[in-house]
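Some notes on the structure that comes next.
Note on naming: letters A, B, ... go to the chains in the order of the sequence lines (proteins, then strands), and numbering restarts at 1 for each one. The figures here come from the full heavy-atom set of this structure, side chains too, leaving out hydrogens, waters and symmetry mates.
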Amino acid sequence: MSESESEAMLPDGFPAGLRVFVVDEDSVALRMLQKMLLQCGYEVTTTDFPLQALELLRANIGNYDIVLIDANLTCMDGFELVENVCREISLPVIVLSTDSEFKNVMKGIKYGAIDYLVKPLRLEELKLIWKHAVKKYLNEMKNINESSSMDVNISHLTKKSKDLVRKRDAYDDIALKDNLTSQKRARVSWTPELHAKFINAVNQLGINKAVPIKILDIMDIPGLTRENVASHLQLNKNNRKIAPTQVHK
DNA sequence: CTCTTAATAT
DNA sequence: CATATTAAGA
């Protein structure tokens, strides 16, 4: 709260070197983006050829920390790309678009994106994206118990994570407030529609073969996990058992 | 390793 | 309350 001047200057300890991969069909916008990202002190790799984006990412696993994808593509469905990248590459993906429609934003998130930024982008927003990379990393560390499948990619962030935790207070004013779409994996909301798909899958399989993984497979909902389904399945079984009156409180 | 259940946590 | 996570046995 004591500093207010340096807007363009990067604060001490700002996570420079974040490796950002950007996909945008519009090469002009792409250039601007690149420029801004560079101003943030990030390492930037760009492509204006979305059809190759996934391939490039595949070929460079471990070389990037975060992915930015403009969803307004003409050569393919931008959200499909988002979904595929999220599925295949374990990196935080941020959707970019000029469309601020709630529905569209939801779509981006639903397809696995960790955030959705509406163009035109402000430097301020880009300065904050490193948080997603760190958060994703922290979550994975928490989830993955003993698995040794974490690669060198992480060591790049590890040091910074510690640093950032310590320095968090310094960034709080701007950082803590941008919680639009980040946070941990959102809990599943079993809307009637989603539940319907669940029921549908169960029926399709037959009550005996209706096992979490198969249900999940048939439902084909991005981001939905086996655990989500298992939990819901359990709930439904229980409900049937003790349908009516319940002794409680 | 996945499935199921119950218990407990968020 | 609704959903998630954990623990233990199959």
Side-chain angles (χ1 to χ4, degrees), chain A residues 61 66 79 82-95 102-116 131-151 153-154 157-158 161-162 164-165 168-169 171-172 175-249:
Chain A
I61 287 179
I66 192 166
F79 289 103
V82 169
E83 181 179 4
N84 288 332
V85 171
C86 290
R87 261 224 252 266
E88 263 194 61
I89 318 289
S90 178
L91 285 179
V93 174
I94 296 181
V95 174
F102 176 76
K103 194 178 172 186
N104 224 24
V105 178
M106 276 308 296
K107 197 173 172 187
I109 302 308
K110 197 172 167 185
Y111 280 49
I114 200 165
D115 202 354
Y116 185 110
K131 284 204 318 170
H132 293 304
V134 173
K135 177 160 287 185
K136 173 115 180 175
Y137 159 71
L138 289 176
N139 280 339
E140 282 178 359
M141 281 309 277
K142 196 174 160 192
N143 290 337
I144 301 180
N145 228 346
E146 292 257 346
S147 171
S148 55
S149 67
M150 311 240 69
D151 38 50
N153 170 16
I154 293 313
L157 287 176
T158 303
S161 306
K162 291 177 186 162
L164 295 172
V165 171
R168 179 147 66 174
D169 295 324
Y171 300 116
D172 263 0
L176 213 62
K177 279 294 179 185
D178 95 327
N179 285 327
L180 294 180
T181 15
S182 52
Q183 272 342 275
K184 301 182 178 179
R185 185 172 209 100
R187 48 193 252 146
V188 172
S189 176
W190 288 93
T191 61
E193 294 76 39
L194 193 58
H195 180 70
K197 290 192 179 181
F198 168 80
I199 294 296
N200 186 343
V202 172
N203 289 337
Q204 204 168 138
L205 287 165
I207 198 75
N208 302 316
K209 311 274 181 188
V211 75
I213 286 185
K214 289 178 184 170
I215 298 174
L216 180 63
D217 197 52
I218 292 185
M219 289 180 73
D220 192 34
I221 303 293
L224 196 66
T225 69
R226 188 177 63 80
E227 286 78 9
N228 293 139
V229 174
S231 177
H232 193 60
L233 181 61
Q234 178 174 203
L235 174 76
N236 280 269
K237 285 183 178 176
N238 287 340
N239 279 345
R240 183 151 30 131
K241 246 190 199 170
I242 37 181
T245 58
Q246 250 200 74
V247 215
H248 200 254
K249 280 195 174 178

Note to self: Whether A:Asn238 contacts B:dT5 is assessed here as follows: a side-chain N or O lying under 4.0 Å from the phosphate OP1 or OP2. Is that the case?
What the structure shows: no
Next item on the list: Please state whether the phosphate of B:dC1, meaning OP1 or OP2, lies under 4.0 angstrom from any side-chain nitrogen or oxygen of A:Arg226.
Entry: no
Item checked: Spatial distance of atom CG (A:Asn203) from atom CZ (A:Phe198) [nearest 0.5 Å] -> 9.5 Å
[X] side chain, from C-beta outward: closest of [options]:
X: A:Gln234; options: C:dA4, B:dA6, B:dC3; result: B:dA6
X: A:Ser231; options: B:dT5, B:dC3, C:dA4; result: C:dA4
X: A:Ile213; options: B:dT4, B:dT2, C:dT3; result: B:dT2
X: A:Arg187; options: B:dT2, B:dT10, B:dA6; result: B:dT10
X: A:Asn228; options: C:dT3, C:dA4, B:dA6; result: C:dA4

Rounded to whole angstrom units, what separation is found between the [atom1] atom of [X] and the [atom2] atom of [N]?
X: A:Leu233; N: B:dT4; atom1: CG; atom2: P; result: 6 Å
X: A:Leu235; N: B:dT8; atom1: CG; atom2: C1'; result: 15 Å
X: A:Asp217; N: B:dT2; atom1: CG; atom2: P; result: 14 Å
X: A:Lys209; N: B:dT2; atom1: NZ; atom2: P; result: 19 Å
X: A:Asn236; N: B:dT5; atom1: CG; atom2: P; result: 13 Å
X: A:Leu216; N: C:dA4; atom1: CG; atom2: P; result: 12 Å
X: A:His232; N: B:dT4; atom1: NE2; atom2: P; result: 14 Å
X: A:Glu227; N: B:dC1; atom1: CD; atom2: P; result: 12 Å

Check: side chain to side chain donor-acceptor pair (under 3.5 Å) between A:Ser231 and A:Asn228: does it pass, once the steps are laid out?
Finding: CA-CA 5 Å; A:Ser231 177; A:Asn228 293 139; over 6 Å; no
Next item on the list: Please lay out, stage by stage, how A:His232 and A:Asn236 fare under the test side chain to side chain donor-acceptor pair (under 3.5 Å).
Entry: CA-CA 6 Å; A:His232 193 60; A:Asn236 280 269; 3.3 Å; yes
Check: Can you say whether the rings of A:Tyr111 and A:Phe79 are parallel (under 30°), tilted (30 to 60°) or perpendicular (over 60°)?
Finding: perpendicular
Item checked: Presence of salt bridge, A:Arg87 and A:Asp220, under 4.0 angstrom -> yes
